[in-house]
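Just below is one structure, and these are the notes that go with it.
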Amino acid sequence: MTTNRTFTMIKPDAVANGHAGKILDHITAAGFKVIALKYTRLSDEQAGLFYDIHRQRPFFNDLVSFMTSGPIYAAILEKENAVEDFRKIIGATDPQKADPGTIRNLYAKSIDANAIHGSDSDENAAIEGNFFFSMLERF
Ligand code: IDP
Ligand code: MG
């Protein structure tokens, strides 16, 4: 079953570079509605838990260092076919390979500091949204 929600983070590089407002505008202009939104900074433990699936990968420690290096925006987004459509507007993990006009093409510099996260499945969208937001924080 596909759901109509996905989860995103605007990562520390994009926040530090002053791109968060333009990225949120890009997301809403693409038809996504913001259901929940939070400006926060992850601890090492929280970033490690969020990316637990990558714990054995060689870039795991760098990923945790990067994701805790500054504040992020976390959000739950709603749109028909949200997970797949959002992966399309953010572009490939490596910004060098991201299609022109995608968020990573426009705002990311490298494969590790790649501006934005988007859930890769409906199941993970629900898990990731629940990691950041209670039911009282969704509108
Ligand atoms: P995704 O964010 O496009 O879903 P994943 O493969 O799930 O990509 O990787 C999670 C995050 O880990 C990426 O967004 C990126 O920040 C980082 N990452 C992925 N692959 C590499 C790599 O080869 N080197 C450094 N960082 C990486
Ligand atoms: Mg992923």
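Counting convention: from 1, in listed order, for ligands and their atoms alike. This chain uses plain numbering: 1 for the first residue, then up along the sequence. As the structure is a prediction and not an experimental result, all values here were calculated from the model.
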Which word best sums up how the rings of [X] and [Y] line up, parallel for under 30°, tilted for 30 to 60°, or perpendicular for over 60°?
{"X": "His19", "Y": "Tyr107", "result": "tilted"}
{"X": "Phe132", "Y": "Phe50", "result": "perpendicular"}
{"X": "Phe59", "Y": "His54", "result": "tilted"}

Test Met9 against every option in Ile72, Ile116, Val15 by the side chain to side chain contact (heavy atoms under 4.5 Å, CB included) rule and name the one that passes.
-> Ile72

Is the closest heavy-atom distance from [X] to ligand 1 below 4.0 Å?
{"X": "Met67", "answer": "no"}
{"X": "Asp120", "answer": "no"}
{"X": "Arg104", "answer": "yes"}

To the nearest 0.1 Å, how far is atom 11 (C) of ligand 1 from its closest protein heavy atom, and which atom is that?
->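 Residue, atom and distance for the closest contact: Leu63 CD1, 4.0 Å.
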
Just how far is it from atom CZ of Phe32 to atom OG1 of Thr6, taken to the nearest 0.5 Å?
-> 7.5 Å

Ignoring angles and geometry beyond distance, decide whether Tyr51 reaches within less than 3.5 Å of ligand 1 through its nitrogen or oxygen atoms.
-> no

Decide whether an N or O pair under 3.5 Å exists between His54 and ligand 1.
-> yes

Is the closest side-chain heavy-atom distance between Asn105 and Asp99 below 4.5 Å?
-> no

Per-atom contacts of ligand 1 with Arg87, taking only distances under 4.0 Å to non-hydrogen atoms =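 Listed by number with element: 1 (P), 3 (O), 4 (O).
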
Between Asn114 and ligand 1, which part of the residue brings a heavy atom under 4.0 Å of the ligand: side chain, backbone, both or neither?
-> side chain

Is ligand 1 under 4.0 Å from a heavy atom in the side chain of Thr93, in the backbone, in both, or in neither?
->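 Both of them.
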
